[in-house]
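All values below come from the heavy atoms of this structure, side chains included, with hydrogens, waters and symmetry mates left out. As the structure is a computational prediction, the values presented were derived from the model and not from experiment. Labels below follow one simple rule: chain letters A, B, ... track the order of the sequence lines, proteins then strands, and each chain is numbered from 1.
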There are 2 protein chains.
Amino acid sequence: MRRDVFQAIADPTRREILNMIAYKPLNVNAVAENFEVSRTAIYKHMKILIECGLVDVKQQGRERFCEAKLEGLSEVSEWVEQYRILWTSKLDALENYLKIIQTKNNKQNKIQKKQAPKISPIK
Amino acid sequence: MRRDVFQAIADPTRREILNMIAYKPLNVNAVAENFEVSRTAIYKHMKILIECGLVDVKQQGRERFCEAKLEGLSEVSEWVEQYRILWTSKLDALENYLKIIQTKNNKQNKIQKKQAPKISPIK
DNA sequence: ATAATATGAAACCTTTTGGTTGCAAACATA
DNA sequence: TATGTTTGCAACCAAAAGGTTTCATATTAT
């Protein structure tokens with residue numbers, strides 16, 4: 001049973017749950033009212049969020065308020081941001097390339113038709 | 001069949017693949033050599049990465065080089081970053097709280113024992 | 001005390017995921 | 001031409017994911 005933050009936020013319902021309790025803690029029933037699926041389904045999603053540290057539970061009488069602990073998202077942030085320099089620099093390179101192409105086209109308007117590959121592409 | 005970036009990066013093998021081709025495009029065989037699982041398994045992972053736009057394929061003879069298109073990660077970055085203000089501000093609040101507690105404890109050293117809840121906690 | 005509410009969890013089901021082996025087609029090379 | 005590579009994909013499988021209904025227990029309200 002993998003249980004890490006990446007897997008936790010992979011499910012759109014769990015991302016919605018997180019957003020719902022990001023500003024104000026709610027109990028599972030209150031959260032479940034906003035979804036089509038059953039309370040038990042939401043409970044299971046919540047359990048996963050709790051297990052990977054993205055949600056904390058505060059008991060208050062018979063109610064349990066689920067509070068978002070979003071600092072767990074920093075792991076995702078760090079992973080993504082390590083690549084930012086790569087994708088931005090590549091976009092810069094593309095920009096330069098397009099500029100060069102444009103200049104060339106203004107001078108001589110030749111078009112090279114590339115032969116289509118015979119192997120069918122991945123669908 | 002859900003096929004979005006969040007789901008694509010949920011799998012640790014796919015994150016490793018992305019890292020492997022982030023700096024230099026590789027064909028599936030070359031990528032698969034670095035894993036325990038079969039080429040076909042890696043091929044399937046690659047297909048998912050391609051389908052959600054995180055990888056592009058460039059044909060060269062009989063080889064197909066898989067190139068990372070990491071700008072697709074910006075969607076994840078944006079989703080995570082919208083919450084950064086929340087978790088940092090909460091940490092600030094905690095810091096303040098701890099400071100206040102400390103000051104109080106220095107003046108009067110009372111400990112309040114909280115009764116344990118009877119409902120078993122979520123495991 | 002009784003009824004209603006909030007919760008945790010078991011048992012079960014279907015679909016998706018991640019993996020396998022095997023095979024055929026396209027391409028490169030001896 | 002014959003042979004070895006690289007690839008895409010079908011067929012199959014086990015386990016995980018996501019959902020359901022049902023039930024027991026703790027707490028609150030009447």
Just to confirm, is there a sub-4.0 Å distance from OP1 or OP2 of [N] to any side-chain nitrogen or oxygen of [X]?
X       : N      : answer
B:Ser38 : C:dG19 : no
B:Asn29 : D:dT7  : yes
A:Gln7  : D:dA16 : no
B:Tyr43 : D:dT7  : no

Taking only the side-chain heavy atoms of [X] (C-beta and beyond), determine which of [options] contains the nearest atom.
X       : options                : result
B:Arg14 : D:dT6, C:dG18, C:dA6   : C:dG18
A:Arg62 : C:dG18, C:dA28, D:dT28 : D:dT28
A:Arg64 : C:dG8, D:dC9, D:dG19   : C:dG8
B:His45 : D:dT21, C:dG19, C:dC27 : C:dG19

Interatomic distance, [X] [atom1] vs [N] [atom2] [rounded to whole Å]:
X       : N      : atom1 : atom2 : answer
A:Glu51 : C:dA9  : CD    : P     : 10 Å
B:Glu33 : D:dT5  : CD    : C1'   : 12 Å
A:Phe35 : D:dG19 : CZ    : P     : 10 Å
B:Lys47 : D:dG8  : NZ    : C1'   : 8 Å
A:Asn27 : C:dG8  : CG    : P     : 10 Å
A:Leu49 : C:dG8  : CG    : P     : 14 Å
B:Phe65 : D:dT5  : CZ    : P     : 17 Å
B:Gln59 : C:dC27 : CD    : P     : 7 Å

| task | Please collect all ring pair (Phe, Tyr, Trp, His ring centres under 6.0 Å) contacts where either partner lies in residues 46-80 of chain B, sequence neighbours excluded, each pair once. | result | B:Phe6-B:Trp79, B:Trp79-B:Tyr83

| If you count the non-hydrogen atoms of other residues, nucleotides and ligands that lie under 6.0 Å from CD in B:Gln82, is the total more than 12? |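 Result for CD/B:Gln82: enclosed.
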
| What residues form a side-chain contact (heavy atoms from CB on, under 4.5 Å) with A:Asn34, not counting sequence neighbours? | A:Met20

| task | Take A:Val37 and A:Glu63, find for each the nucleotide of DNA chain D with the closest heavy atom, and name the residue whose nucleotide sits nearer the 5' end. | result |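 The answer here is A:Val37.
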
| message | Quick check: on DNA chain D, is the nucleotide nearest A:Ile48 upstream (toward 5') of the one nearest A:Gln60, or the reverse? Name the residue that is more 5'. | response |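 On the 5' side of the pair lies A:Ile48.
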
| message | So, under a plain 3.5 Å distance rule, would you say the side chain of B:Lys44 forms a donor-acceptor pair with the base of C:dG19? | response |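 In this structure, the two groups form a donor-acceptor pair.
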
| field | Check: D:dG8 base within 3.5 Å donor-acceptor of B:Arg39 side chain | value | yes

| request: Say whether, by atom type as modelled, one donor and one acceptor occur between the side chain of B:Thr88 and the main chain of B:Arg84 under 3.5 angstrom. | output: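 The answer is yes, because a donor-acceptor pair under 3.5 Å joins these two groups.
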
| message | Taking B:Gln59's backbone N and O only, do any of them form a donor-acceptor pair with B:Arg64's side chain (distance below 3.5 Å, no angle check)? | response |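 Side chain of B:Arg64 to backbone of B:Gln59, a donor-acceptor pair under 3.5 Å: no, none is there.
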
| field | Option passing side chain to side chain contact (heavy atoms under 4.5 Å, CB included) with A:Cys66 (candidates A:Leu49, A:Leu18, A:Val28, A:Asn27) | value | A:Val28

| said: Need to verify one output field. Residue with the more 5' nearest nucleotide on DNA chain C, A:Thr40 or B:Ile42? | reply: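 Comparing both residues, the 5'-ward one is A:Thr40.
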
